[in-house]
Amino acid sequence: MEQYEPDRLTPAQLAAMRRGVRAGVPRGHGAFSRRSLLRAAGGGALAAGGLSTLAACGIPPAAGNAQAGSSEDHSAKEKRLNFSNWTEYMDLSEDKKSRPTLDAFRQRTGIKVKYTEDINDNVEFFGKIKPQLAAGQDTGRDLICVTDWLAARLIRFGWVQKLDPANLPHAYTNLSPQFRNPDWDPGRSYSYPWQGISTVIAYNAKATKGREVTSVQQLLEDPALKGRVGFLSEMRDTVGMTLLDSGKDPGDFTDDDFDGAIARLQKGVDSGQIRRFTGNDYTSDLESGDLAACLAWAGDVVQLAAGTPDVRFHIPDSGYVTSSDSLLVPNKARHKTNAEKLIDYYYEPKVAAELAAWINFVCPVDGVKAELAKIDKEAAENPLIVPDKAMAAKSRSFRSLTSKEEARYEAAFAKLTT
């Protein structure tokens with residue numbers, strides 16, 4: 001079990017944080033604001049030393065103590081649970097006064113959900129719950145939703161509870177194969193994905209004069225795109241996609257593989273092929289055509305394409321990088337069983353379809369397509385929301401990193417992008 005130790009931000013990590021803060025303007029019904037907050041404060045900035053910086057007060061870790069996570073479950077007597085999530089990440093009624101799927105859960109089970117949109121970024125939220133988790137205390141939350149790199153850290157520190165499969169029949173059965181076995185939680189013993197996040201190639205057909213953009217190689221080498229190409233400021237997405245284009249697996253690569261990807265990107269910077277590395281702010285430039293092509297997040301592309309038909313996407317033959325936001329039960333949560341029932345509820349295809357129709361991210365639930373088609377046929381046929389088998393087969397995840405790897409890789413990426 002990895003220990004949680006105080007540490008200081010390296011210059012590279014500080015640079016990564018500054019990259020992330022340059023996020024875009026919220027638009028649509030929330031996907032863009034979600035994306036900028038989600039990825040801007042991602043593992044690139046603080047997954048290694050930065051997380052530990054938040055523990056500078058020196059509170060000892062709860063990791064490794066079996067009693068630290070277990071506590072009396074009050075679910076049977078207390079029909080309630082506290083759920084912390086990101087903003088704009090839950091369905092909302094047209095009058096914005098209720099949340100239909102949560103209301104239906106309460107009516108079915110009698111469990112009242114206190115739903116709080118108090119996650120603005122991963123690092124900030126970690127700072128909120130860190131003192132209690134480190135001290136082996138209740139955070140006041142029964143269910144949280146964090147990005148996979150932070151979920152991995154929480155599991156390694158021993159700060160979340162192992163889930164009971166008996167309470168998760170739908171989740172176990174309906175979890176899409178592409179999300180089943182992340183290296184940081186094989187078999188999903190501690191977590192279940194709330195939504196998936198795919199990195200794809202996006203381009204403005206008007207800006208490319210009708211030409212498709214189909215590979216990272218084309219982004220890096222096509223002279224017709226010179227000076228109008230964007231890559232992402234999130235290290236895992238940009239390097240992961242470049243590794244795939246180089247014939248390497250981002251889930252199983254060496255230092256030499258990483259260095260080769262950085263060298264390819266550096267060449268694109270030096271030649272002027274790459275215009276800039278961006279957070280969510282690529283969306284307005286792609287929409288206007290100032291960026292002809294770029295790496296992009298699928299949730300953004302879905303919404304951009306709805307308003308700007310010239311914005312299109314392509315899944316490279318070499319594959320694409322997928323990450324996720326995952327649900328976890330923190331140590332000392334009072335209502336673990338209630339939380340597991342809620343997780344399982346959102347893995348019922350009909351419920352998952354209602355959520356997917358509203359937020360337009362990658363749905364991790366097998367069997368959702370038929371139910372989603374009853375609500376929104378176009379969404380059901382969109383592989384950025386419901387990946388077909390061919391697309392799912394191309395999905396790859398960036399492997400978890402050691403603290404030393406994190407520091408080294410972020411330092412190299414910081415030099416590249418600043």
Side-chain angles (χ1 to χ4, degrees), residues 26-38 74-75 77-121 125 128 139-146 167-168 170-171 174 192-196 299 302-303 306 325-330 333-365 367-380 382 385-386:
R27 51 187 301 157
H29 65 233
F32 292 159
S33 57
R34 271 280 305 132
R35 172 60 52 241
S36 61
L37 293 168
L38 171 64
H74 298 267
S75 294
K77 294 181 179 180
E78 299 177 3
K79 293 292 186 178
R80 61 179 183 269
L81 71 93
N82 297 325
F83 180 8
S84 284
N85 204 350
W86 297 79
T87 58
E88 304 289 349
Y89 220 18
M90 179 67 75
D91 55 306
L92 193 63
S93 62
E94 290 187 10
D95 62 9
K96 300 184 180 181
K97 293 183 179 180
S98 65
R99 300 189 180 279
T101 57
L102 283 179
D103 290 346
F105 175 76
R106 176 183 54 78
Q107 291 169 6
R108 180 197 296 185
T109 64
I111 299 170
K112 184 177 181 180
V113 181
K114 181 181 179 182
Y115 183 76
T116 308
E117 293 178 310
D118 61 344
I119 304 181
N120 292 315
D121 68 58
F125 181 68
K128 291 180 182 179
T139 66
R141 299 167 175 85
D142 302 298
L143 192 63
I144 60 175
C145 181
V146 297
N167 294 328
L168 298 160
H170 295 100
N174 296 330
Y192 269 90
W194 177 248
Q195 297 293 298
V302 171
Q303 293 212 358
D325 286 335
S326 289
L327 301 169
L328 304 100
V329 178
R334 286 180 62 89
H335 310 108
K336 178 175 180 285
T337 299
N338 290 346
E340 290 167 338
K341 288 180 178 179
L342 185 67
I343 295 173
D344 196 60
Y345 169 74
Y346 278 100
Y347 272 81
E348 296 179 21
K350 184 176 180 180
V351 179
E354 293 181 52
L355 183 66
W358 200 87
I359 61 178
N360 294 155
F361 277 72
V362 180
C363 183
V365 180
V368 74
K369 185 172 183 178
E371 293 295 338
L372 184 55
K374 298 174 185 178
I375 303 170
D376 185 337
K377 290 183 179 180
E378 185 176 346
N382 191 330
I385 299 174
V386 185

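Start at 1 with the first residue, then count along the sequence.
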(request) Keeping the roles fixed (side chain from Asp118, backbone from Ser84), state whether a donor-acceptor pair exists under 3.5 Å. (result) no
Would you give me the side-chain donor-acceptor pairs under 3.5 Å for residues 346-353, sequence neighbours excluded?
{"from": "Tyr346", "atom 1": "OH", "to": "Thr101", "atom 2": "OG1", "distance (Å)": "2.7"}
{"from": "Tyr347", "atom 1": "OH", "to": "Pro193", "atom 2": "O", "distance (Å)": "2.6"}
{"from": "Glu348", "atom 1": "OE1", "to": "Arg108", "atom 2": "NH1", "distance (Å)": "3.4"}
{"from": "Glu348", "atom 1": "OE1", "to": "Arg108", "atom 2": "NH2", "distance (Å)": "3.0"}
{"from": "Glu348", "atom 1": "OE2", "to": "Arg108", "atom 2": "NH1", "distance (Å)": "2.6"}

(message) Checking the side chain of Thr109 only, and the main-chain atoms of Ile111 only, is there a donor and an acceptor separated by less than 3.5 Å?
(response) yes
(message) Within the structure provided, determine whether Glu354 and Ile375 are in side-chain contact (heavy-atom separation under 4.5 Å).
(response) yes
(request) Nearest 0.5 Å please: distance from the CD atom of Glu78 over to the CG atom of Asp142. (result) 9.0 Å
(request) Work out which heavy atom in Pro330 is nearest to a heavy atom in Leu143; give both atom names and the distance. (result) CD-N, 4.1 Å
(request) Can you measure from CG (Asp103) to NZ (Lys112) and round to the nearest 0.5 angstrom? (result) 11.0 Å
(request) Taking all heavy atoms of Ser98 and all of Leu92, pick out the closest pair and write down the distance. (result) O-CD1, 3.4 Å
(request) Compare every heavy atom of Tyr345 with every heavy atom of Ala104, then report the nearest pair and how far apart it is. (result) CB-OH, 3.3 Å
(message) Test your reading of the model: is there a side-chain donor-acceptor pair from Glu340 to the backbone of Leu168, 3.5 Å cut-off?
(response) no
(request) Identify the heavy atoms of Lys79 and Gly110 that sit nearest to each other, and give their distance. (result) CB-O, 3.4 Å
(message) Show the nearest heavy-atom pair for residues Gly140 and Asn82, with the distance to one decimal.
(response) O-ND2, 3.0 Å
(message) For Trp194 and Tyr89, take the angle between the two ring planes, folded into 0 to 90°, and tell me which bin it lands in: parallel under 30, tilted 30 to 60, perpendicular over 60.
(response) perpendicular
(message) Applying salt bridge (Lys or Arg N to Asp or Glu O under 4.0 Å), can you list everything that pairs with Lys341, at least two apart in sequence or on another chain?
(response) none
(message) Please report the interatomic distance CG(Asp376) to CG(Asn360), rounded to the nearest 0.5 Å.
(response) 7.5 Å
(message) What's the separation between atom CG in Asn85 and atom CD1 in Ile119, rounded to the nearest 0.5 Å?
(response) 6.0 Å
(request) List in chain and number order the residues that pass salt bridge (Lys or Arg N to Asp or Glu O under 4.0 Å) with Arg106, two or more places apart in sequence or in another chain; answer none if no residue qualifies. (result) none
